[in-house]
2 protein chains.
Amino acid sequence: MVTIYDVAQRAAVSPATVSRVLNGRSSVDPDLVARVRQAVDELDYRPNAVARNLRRSRTTLWAVVISDVGNPFFTSLVRGVEDVAQRAGYSVVLCNTDEDPAKEARYVTAALADRMAGVIISVAGRSTAQVSRLLSAGVPVVAIDREIAGVQVDTVLVDNAHGAELATGHLLDGGYQRVACITGPRRVSTAVQRLRGYQKALRSRGVPVREHLVRYSDFREEGGYAAMASLLDEADPPDAVFAANNLMTVGAVECLTNRGIAVPTQAGVVGFDDIPWADLVRPSLTTVAQPTYELGRTAAVLLAERLTEPGRAPSTVTLHTQLKVRESSTRGA
Amino acid sequence: MVTIYDVAQRAAVSPATVSRVLNGRSSVDPDLVARVRQAVDELDYRPNAVARNLRRSRTTLWAVVISDVGNPFFTSLVRGVEDVAQRAGYSVVLCNTDEDPAKEARYVTAALADRMAGVIISVAGRSTAQVSRLLSAGVPVVAIDREIAGVQVDTVLVDNAHGAELATGHLLDGGYQRVACITGPRRVSTAVQRLRGYQKALRSRGVPVREHLVRYSDFREEGGYAAMASLLDEADPPDAVFAANNLMTVGAVECLTNRGIAVPTQAGVVGFDDIPWADLVRPSLTTVAQPTYELGRTAAVLLAERLTEPGRAPSTVTLHTQLKVRESSTRGA
DNA sequence: TTGTAAGCGTTATCAC
DNA sequence: GTGATAACGCTTACAA
């Protein structure tokens, strides 16, 4: 292991000078710079970031805590984060929680132990405990996709209620009578917000909100399938459904297909969040599209800014969704 | 910042004892253990992993170097790695190369600087330079998905040539006459292997290998689209295509659809690697399915084993693919 | 501008 | 079994 002392010795300067050359803040005699650079090359010296981190008491690691890398929504978001992080000199540590608060806690513990520079998190639970642990340790936190009640942190969201309202309204205005809603876990803010948007659309059109047309599921494909099945088993089954995320939409459509219910003629479907290659799916799916990559990018930018300017007040950025009408919600005439 | 000294003071023991209690290797008097634990709780002491890493001169970080988290193939693979890593006490750092050797080099530099415990890599280039840098620094490397010529490392692959041969053979046996191939970049081993499998299937059936029916593309959706377009512009266009990865398959099908060419009646399609919700796509896609999650899991297990047993000889694990016949390759009668 | 030296917070090697 | 103490490799006052 070649250290800064080896380089110093070879270049016949002090370790401090080597450090100065490498970090290039203070000015160093050009001759010495040349000697140091040569020694670095000759010895193939690689600065030890662990030692540097200890000395500076900060690292260049960001934790990105999400519920599932398998979901293209989070994938795209992570990509946005990573692109910004890399450019700013940070690396991204991936933390899958599977919506499990215990896993979330473990990752927070790791982030704390490893003195990570910051955390971008889509919280799994309603409790603010994990985020508070980070904040009280002085670790900057950016909430992404999901709000954290009662805590002041930088936050990046989309207009969930609005998007859901558009989606539901679109179904109602298209002539569907009994529009159901499959939303996510009660403890997740997006699930609640999207359900609210759904309810608001019904109310504003004088349609009664019927509880038996609402299902709380898990944001996963299987959950969407099961919820749809359960809705169809009602005495008075829905003729349309709004699903509050991409995977549940896929599950719901699969269920409808398997039961021989034609979409959109016998049942209309709108999902929240797009899926990749939506164009290949038949019928193509009407969705509330989110700027997923931008979501990640924005969160990363907020984190980077907070790291350089820790004192400033937390801000919340709300990005806009967009209803993309495709086949699954439009009955012929 | 509460350190091990604070805990020691409060528990009226030495820092060494605190360390021993926390790491629990050597035996410590139960009384002292209790006092230390209490002090840890009261002070909410969190060991500083950075300091520990410096002292131990090893970390608990793995780098996973892939070309794109946006591709569900890599997503699933990463998931497999992460599940194993977490259980073994490691965190996963995500490194997107976009098939760019320069980016790959930057990430290797970071892995080296951060003294990461190991690297799982799907190499972007043909050059072994980056991997050699890691190996000569003593960092264990596991090659995943793509082979690294001329270097002895643990490797996890699938039977690429075999899968491609099955896929192509299936098209030929189904009566398609002019089967084209859209493969990946020449420098990537999987692209080469899959092309070879394609050629072998042709040869074994006495069908001449025609170079103008082969395209080297980029493993991305747009690339697949462009390659398909270019094939269709040939004087003697193909009536079937084998695409060497999932995204290019999607692109190829989109191109065919846009040109009004019906799949599978006018053109048959088989892709390498599955896509999520393949069942919703119409026509559903015949694919060579890979055990993506297993691929990641296996690589992670190999890495974990090498970390505990550095001396053992590198091994190569080849997992099996499976042809899943769906609609896109089967002309009615 | 350059060098000396004191840490950063652990763990591990010694004595006891 | 326990406690001093010396590293681990770097950065940064401070002194020269």
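Keep in mind it's a predicted model, so treat the numbers as computed, not measured. Chain naming here is simple, since letters A, B, ... match the order of the sequence lines and numbering starts at 1 in each.
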Atom-to-atom span, [atom1] of [X] to [atom2] of [N] - whole angstrom:
{"X": "B/Ile4", "N": "D/dA6", "atom1": "CD1", "atom2": "P", "answer": "18 Å"}
{"X": "A/Arg115", "N": "C/dG9", "atom1": "CZ", "atom2": "P", "answer": "8 Å"}
{"X": "B/Asp114", "N": "D/dG9", "atom1": "CG", "atom2": "C1'", "answer": "14 Å"}
{"X": "B/Asn23", "N": "C/dT10", "atom1": "CG", "atom2": "P", "answer": "11 Å"}
{"X": "B/Leu112", "N": "D/dG9", "atom1": "CG", "atom2": "C1'", "answer": "16 Å"}
{"X": "B/Asn53", "N": "C/dC8", "atom1": "CG", "atom2": "P", "answer": "18 Å"}
{"X": "A/Arg58", "N": "C/dC8", "atom1": "CZ", "atom2": "C1'", "answer": "13 Å"}

Mind checking if B/Ser26 touches a base, just sugar-phosphate, or nothing, with heavy atoms under 4.0 Å? nothing
Looking for any heavy atom pair under 4.0 Å, which part of the strands does B/Val50 touch: base, sugar-phosphate only, or nothing? nothing
Is the shortest side-chain N/O distance from A/Ser19 to OP1 or OP2 of D/dC10 below 4.0 Å? no
Look at the side-chain N and O atoms of A/Thr3 and state whether any lies under 4.0 Å from the OP1 or OP2 oxygen of D/dG9. no
With a 6.0 Å cut-off (strictly less than), is the heavy-atom count around CD of A/Gln9, excluding the residue itself, greater than 12? no
More than 12 heavy atoms from other groups under 6.0 Å of CZ on B/Arg79: yes
DNA chain D nearest-nucleotide lookup for B/Leu32 and B/Ser57: closer to the 5′ end is B/Leu32
On DNA chain D, compare the nucleotides closest to A/Ala49 and B/Ser14; which residue's is nearer the 5' end? B/Ser14
Measure from the side chain of [X], starting at C-beta and using heavy atoms only, and say which of [options] lies closest.
{"X": "B/Arg56", "options": "D/dC10, C/dT11, D/dA4", "result": "C/dT11"}
{"X": "A/Thr17", "options": "C/dG3, C/dT1, C/dG9", "result": "C/dG3"}
{"X": "B/Leu54", "options": "C/dT4, D/dG9, D/dT11", "result": "D/dG9"}
{"X": "A/Met1", "options": "C/dG9, D/dG9, D/dG3", "result": "D/dG9"}
{"X": "A/Asp29", "options": "D/dC10, C/dT2, D/dT5", "result": "C/dT2"}
{"X": "A/Asn48", "options": "D/dG3, C/dT11, D/dC10", "result": "D/dC10"}
{"X": "B/Tyr5", "options": "D/dT5, D/dC10, D/dC8", "result": "D/dT5"}

A/Arg115 CZ to B/Arg46 CZ distance, which is reported to the nearest 0.5 Å: 9.0 Å
Can you tell me how far apart OG (B/Ser122) and CD1 (B/Ile66) are? Round to the nearest 0.5 Å. 8.0 Å
Heavy atoms, side chains only, cut-off 4.5 Å: are A/Arg37 and A/Glu42 in contact? no
So do the side chains of B/Thr75 and B/Asn71 get within less than 4.5 Å of each other, counting heavy atoms only? no
Got a donor-acceptor pair under 3.5 Å from the side chain of [X] to the base of [N]?
{"X": "B/Arg20", "N": "D/dG3", "result": "yes"}
{"X": "B/Arg46", "N": "C/dG9", "result": "no"}
{"X": "B/Arg52", "N": "C/dT10", "result": "no"}

Nearest heavy atom decides the nucleotide; on that basis, is B/Arg55 or A/Arg55 closer to the 5' end of DNA chain C? A/Arg55
